[in-house]
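Notes to accompany the following structure.
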Amino acid sequence: MISSNIRVRFAPSPTGPLHIGGVRTALFNYLFAKKHNGKFILRIEDTDSTRFVPCAEEYINKSLQWLGLTVDEGVMEGGPFGPYKQSERKEIYLKYANMLLERGWAYYAFDTPEELDALRSTYEAENKTFAYDIFSRKNLVNSLTLSEEETKQRIISGKPYVIRFKMPENVEVTANDLVRGSVTFNTNTLDDKVLYKSADGLPTYHLANIVDDHLMEITHVIRGEEWLPSLPLHVMLYKAFGWENTMPKFAHLPLILKPSGKGKLSKRDGDKDGFPVFPLEYTSPEGEVSSGYRESGYFPEAVNNLLALLGWNPGTEQEIFSLEELAELFTIERVNKSGARFDPEKAKWFNHQYLIRKNESQLAELYMPILREKGIQTNCETLAAIVVLVKERVNFVSEFWEQTKFFFVAPAEYDEKVVQKRWKDGVPSFMQELAAMFRKQDNWTATPLKEAASELIATNNQNFGNIMNALRLVLVGGSFGPDLFTIIELLGKDETINRINLALNTLPS
RNA sequence: GGUCCCUUCGUCUAGGGGUUAGGACGCAAGAUUUUCAUUCUUGAAACAGGGGUUCGAUUCCCCUAGGGACUGCCA
């Protein structure tokens, strides 16, 4: 298929680890690009020098890589529209800010952050909110209130300034959103956002974002709903630059909400409810560790799948999708409007679905390192045979140990309740006969062993169920686990008999 | 407070002017099983409220309520 001119970008700010809300935004952008044979661009929006976190950019790259969201153009990948990091595009933005200034769409403002903070406090004390807007700008220190001469003087003398967007008065701005339809704002309720600051020579998000989207020929802006209030500003900026004809289409994704309580999902929620909010484990510069999906044992396919179904669905009853299937089925029209509460239980279920779809040798390979760490030697064939017995009952590879450890180590203790119930009325002495019978067996496979045992139980007038449970207690330490004779086969003759003897020596007779 | 967005089972959602309002997670019960699980079957569980429009509204419109986002020289 010939590639289309669809171009979307994921534009995170490297201020910390990407959380799953951001990951989902990246995923939807990726799916949309793939669906239309377009380009998925990764742009790093590092215009806030004060919030820069050293390893955040690397974290973003690694996360996307782990999830298989291949970037077509970006800092690492390069591309015809680079650089893809805003700090490396620094020179570009002032030119565009000046363009706005010349056209009367922007003005210089000299109010200091302290002055504005003070103003905010004063307003707050009166239960009002200060906004630098159409009304208040008339009373503040800017090129609208100062004489041209004085403005020039201040700039020449190196006084720090910012360039603010001059929001027009009383204009109804209607913007179209692919998810929500048309959204209307009146400019009187909007404020004069800072576009550029002389102090560090950097643009703010709004300017850099619009300029870069334009320069990078972005066709669709798919981002979180938290940006919806900025939409009219962005539309006005396109208008001010005269770029309406090539303005991208916008789609604002519903937010991912906390599993319980109020508000959107945040970093803290994960640690509280015991589920990760980050794709990969993250250690902050202060040394605080936050858990990651990868380290918690999630498969990347499962994470993509569960995230895709948070706020989108294909309209069918299918729930398990590969990334390729998702890309094929994805449409913005089927994105929901309302926020989606994250459900940790269902997240586990998704992982379970992917786990049971893996074959035994894949699972054995994943489980092997865990065993090795515990000092257990085994081979892939045996492990594959074991893993297949229990894969239905686990959500994560890490849970295999709890389900299979009795294959590798004899029970260190026995479930007291089961002992009370099963280890009585001549059962111990019958166990000795069972062991003797086992010793004589040549064909150590489940079916003949079961036949031999059944026969012995019958001739001794024992209760089959009771003996089976007692034998299970002896071999696994409790009342759980897969088919008993399969366990016996895998344990082998010596180990089976050893465990019977161990129980006879340990448990009261 | 202001602006904007949203509202179907507890949760994720399908549906859409006339339906027994469907599925999934979770929960419960039963069946199967030598145990625990699995599996299978079944069950409980929803159209926020009030007005319109209409022969008919959960579906369309309005209001109310509730929830959410934004309200920085952050993104």
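In what follows, chains are A, B, ... by sequence order, proteins preceding strands, each numbered from 1.
Looking only at atom types and distance, the side chain of A/Gln420 has a donor-acceptor partner in the side chain of A/Glu416 under 3.5 Å away. In the model, A/Arg422 has a side-chain atom that pairs as donor or acceptor with a side-chain atom of A/Asn466 under 3.5 Å.
Counting distance only, with no hydrogens placed and no angle test, the side-chain atoms of A/Thr129 and the base atoms of B/G1 include a donor-acceptor pair under 3.5 Å. Counting atom types as modelled, A/Arg51 pairs a side-chain N or O with a base atom of B/C74 as donor and acceptor under 3.5 Å.
Rounded to whole Å, atom P of B/U3 lies 16 Å from atom NZ of A/Lys128. Taking atom CG on A/Leu190 and atom P on B/C4, their separation rounds to 10 Å, with Å as the unit. B/G23 atom C1' lies 13 Å from atom CD1 of A/Ile320, rounded to whole Å. Atom P of nucleotide B/C25 and atom CG of A/Asn313 are separated by 16 Å, given to the nearest angstrom. One can place NZ of A/Lys193 at 11 Å from P of B/A75, the figure rounded to the nearest angstrom. What separates CZ of A/Phe350 from P of B/G23 is a distance of 17 Å, to the nearest Å. Distance CD1 (A/Ile256) to P (B/U13): 10 Å, rounded to an integer number of Å. Atom P of nucleotide B/C74 and atom CG of A/Asp200 are separated by 8 Å, given to the nearest angstrom.
Taking atom C1' in both B/U34 and B/U38, one finds a spacing of 16 Å when rounded to whole Å. Atom C1' of B/A21 sits at a distance of 10 Å from the matching atom of B/A14, rounded to the whole Å. Comparing the P positions of B/G72 and B/U3 gives a spacing of 16 Å, expressed to the nearest Å. Using C1' as the reference atom, B/U11 and B/C27 are 12 Å apart when rounded to the nearest Å. One C1' atom belongs to B/G50, the other to B/U7, and the distance between them is 16 Å to the nearest Å. Rounded to the nearest Å, the gap between the C1' atom of B/U8 and that of B/U58 is 8 Å.
Taking the centre and axis of the six-membered ring of A/Phe130, the NZ or CZ atom of A/Arg120 falls outside the cone set by 45° and 6.0 Å.
With salt bridges taken as basic N to acidic carboxylate O contacts below 4.0 Å, one links A/Asp213 and A/Arg9. Checked for salt-bridge contact, A/Glu225 and A/Arg180 meet the test: a charged N lies under 4.0 Å from a carboxylate O. A salt bridge does not link A/Lys90 to A/Glu88: none of the charged side-chain nitrogens sits closer than 4.0 Å to a carboxylate oxygen. A/Asp191 has a carboxylate O that lies under 4.0 Å from a charged side-chain N of A/Lys193, or vice versa, which qualifies the two as a salt bridge.
Judged by closest nucleotide on RNA chain B, A/Phe185 is the one of A/Thr204 and A/Phe185 placed further toward the 5' end. Ranked by how close their nearest RNA chain B nucleotide is to the 5' end, A/Glu319 and A/Arg393 are led by A/Glu319.
Taking 4.0 angstrom as the limit, A/Lys337 places none of its side-chain polar atoms (N or O) nearer than this to OP1 or OP2 of B/U13. Of the side-chain N and O atoms in A/Thr47, one or more sit less than 4.0 angstrom from OP1 or OP2 of B/A75. Checking the phosphate oxygens (OP1, OP2) of B/G72, a side-chain nitrogen or oxygen of A/Arg120 falls inside 4.0 Å. A sub-4.0 Å separation between OP1 or OP2 of B/C6 and a side-chain N or O of A/Asn336 is absent. For B/C73, one of the phosphate oxygens OP1 or OP2 lies less than 4.0 angstrom from a side-chain nitrogen or oxygen of A/Arg164.
Taking only side-chain atoms of A/Ser338, from C-beta outward, the nucleotide of B/C73, B/U7, B/A24 with the closest atom is B/U7. Comparing atom distances between the A/Leu310 side chain and each of B/A75, B/C12, B/U34 picks out B/C12 as nearest. Relative to the side chain of A/Glu317, the nucleotides B/C6, B/G23, B/A75 differ in distance, and B/G23 lies closest. With distances taken from any side-chain atom of A/Phe480 to the nucleotides B/C36, B/U38, B/C74, the minimum falls on B/C36.
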Apply salt bridge (charged side-chain N to carboxylate O under 4.0 Å, His left out) to the pair A/Lys85 and A/Asp46, showing each step before the final yes or no. CA-CA 7 Å; A/Lys85 195 190 287 196; A/Asp46 56 344; 5.1 Å; no

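Among the heavy atoms of the strands lying under 4.0 Å from A/Ala340 are primed sugar atoms or P, OP1, OP2 only; no base atom is included. Among the heavy atoms of the strands, none lies under 4.0 Å from A/Thr15. Contacts of A/Arg334 with the nucleic acid, taken as non-hydrogen atoms under 4.0 Å apart, involve only primed sugar atoms and P, OP1 or OP2. Contacts of A/Pro482 with the nucleic acid, taken as non-hydrogen atoms under 4.0 Å apart, include base atoms. Among the protein residues, A/Leu484 comes within range of the nucleic acid bases, having at least one heavy atom under 4.0 Å from a base atom. Residue contacts for A/Thr184: at a heavy-atom cut-off of 4.0 Å it reaches the sugar-phosphate backbone alone, with no base atom in range. A/Tyr205 comes within contact range of at least one nucleobase, with a heavy-atom separation under 4.0 Å. Residue A/Asn469 is in sugar-phosphate contact alone, with no base atom involved, counting any heavy-atom pair closer than 4.0 Å across all strands shown. Residue-level contact check: A/Gly478 touches neither bases nor backbone, having no heavy atom under 4.0 Å from any strand. Among the protein residues, A/Val183 comes within range of the sugar-phosphate backbone only, with heavy atoms under 4.0 Å from sugar or phosphate atoms but none that close to a base.
The aromatic ring centroids of A/Phe250 and A/Trp227 lie 6.0 Å or more from each other. Taking the six-membered ring for Trp and the full ring otherwise, the centers of A/Tyr93 and A/Tyr196 sit at least 6.0 Å from each other.
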Protein proximity profile, nucleotides 61-70 of chain B - base contact B, sugar-phosphate-only contact S, no contact -, cut-off 4.0 Å on heavy atoms: ------SSSS

